Every structure is written in C-alpha cells, then in structure tokens.
Amino acid sequence: VISASAHRTARVLVEDVPSAIREFGDTEFMVQEFLPEITDGEWSLVFIGGEYMHAVKKVPASGEFRSQRDFGAQQHAADPPSSAIDQGKRVLQILPDQAAYARIDFVMRGDESLLIELELIEPELFLPAHPAAAQQFAHIIARCL
C-alpha cells in the first residue's frame, strides 16, 4: 500500500470500520491499530546502505495524531533510543534484498520501540539537515549506476 503525507489517513472507531471500508471502494488501504503513543511523537530513522545515519522526531500538533508538517507537526533532528536503532537494523536484515536506503518509523512504549512504518519508496530522508548523510546517499546512488 502506497500513500504520501498521510493522504486519506483517518482515525476510525472499530464499529465504523465497515463503513470506512465501503468508502475506500476498490482502492487498496491499510488498517493499523491506533497507538496513543503517537501523540508523544514518532521517530523516523534513516538508514543508507544498511547503516543508521540519523533520526528525526516528529511531534503532532495538539489534538492531532498525524506527524506531517501539513498538519502542524514539529520535526527536529534528535538522537533516538538505542532500542529503536537496533530494531531498525533487524527490520532491514529480514528484507529479501539490501535496501539502498530506508526510513523506519517507530513510536516508543516505555523502552519498547514499536514499528509503525517501513518506507522504501521515495521516503522523506531529511537530508538537508544532515550533509554527511546526503553525501553518503550520493555515493550509494553513484555505485548503483
């Protein structure tokens, strides 16, 4: 399932799922359990060439659950919990092929990192704030050519 910038993302009560399914018609969609921890912020970890490079914490605006700037979220570079980095590495290891780049999004429940999204197709990699990561990404692209 592919989306961008929380396009058509909605919070739906369990009893309203059948009507939400009808609303999507033949379009593919994904259902995820709502994790209340999302309101504390979502971690986006960037891996390039299989190596952890940097992270951004995205905190939704008050009363909002979506972590995109379009919905008022604040995004800033930060150091993620080591458990999230470790889990990100494990996620990458189970892919059938090594990803040239990936963004892996987590929320934290206490000390436990909960995977909410693996971005492999045109993810926001937050490169402008991390020049070293941008240079590493350019080297990987050059190797692939």
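Residue numbers start at 1 and run along the sequence shown. Model, not experiment: these values are computed from the prediction.
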Determine whether a donor-acceptor pair (N or O, by modelled atom type, separation under 3.5 Å) exists between the side chain of [X] and the backbone of [Y].
X      : Y      : value
Glu119 : Asp105 : no
Gln32  : Ile116 : yes
Gln75  : Ser67  : yes

Donor-acceptor pairs under 3.5 angstrom involving side-chain atoms of residues 133-142: please list them, not counting sequence neighbours.
none

Nearest 0.5 Å, what's the CG-CZ distance between Leu45 and Arg103? 10.0 Å
CD1 (Ile85) and CD (Glu51) are apart, to the nearest 0.5 Å, by 12.0 Å
State, with a plain yes or no, whether a side-chain heavy atom of [X] is found less than 4.5 Å away from one of [Y].
X      : Y      : value
His76  : Lys57  : yes
Leu118 : Val91  : yes
Trp43  : Pro81  : yes
Leu35  : Arg109 : yes

Phe47: ring-ring contact (aromatic ring centres under 6.0 Å, His included) partners, not counting sequence neighbours: Tyr52
Does [X] share a hydrophobic cluster with [Y], counting links as ILVMFWY side-chain heavy atoms below 4.5 Å and allowing steps through other members?
X      : Y      : result
Ile104 : Met108 : yes
Ile38  : Leu114 : yes
Leu120 : Val46  : no
Val107 : Phe34  : yes

Single hit among Glu124, His54, Lys58 for side chain to side chain donor-acceptor pair (under 3.5 Å) with Ser44: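 It is Lys58, the one option of Glu124, His54, Lys58 that forms the side chain to side chain donor-acceptor pair (under 3.5 Å) with Ser44.
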Apply side-chain hydrogen bond (donor to acceptor under 3.5 Å, both in side chains) to Gln68 and list each qualifying residue two or more places apart in sequence or on a separate chain.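 By the side-chain hydrogen bond (donor to acceptor under 3.5 Å, both in side chains) rule, Gln68 matches no residue at all.
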Sequence-distant partners of Glu117, side-chain hydrogen bond (donor to acceptor under 3.5 Å, both in side chains), two or more places apart: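 If we apply the side-chain hydrogen bond (donor to acceptor under 3.5 Å, both in side chains) test to Glu117, skipping adjacent residues, there are no hits.
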Which atom of [X] lies closest to which atom of [Y], heavy atoms considered:
X      : Y      : result
Ala102 : Ala99  : CB-CB, 4.5 Å
Gly88  : Phe106 : N-CZ, 3.6 Å
Phe65  : Ala10  : CZ-C, 4.0 Å

Quick one: which residue pairs count as a salt bridge (Lys or Arg N to Asp or Glu O under 4.0 Å) with a foot in residues 61-73, not counting sequence neighbours? Glu64-Arg66
Would you tabulate the side-chain donor-acceptor contacts of residues 12-25 under 3.5 Å, counting partners in other chains and residues two or more places apart, or write 'none'?
{"unit_1": "Ser19", "atom_1": "OG", "unit_2": "Asp16", "atom_2": "O", "d": "2.9"}
{"unit_1": "Arg22", "atom_1": "NH1", "unit_2": "Pro18", "atom_2": "O", "d": "3.4"}

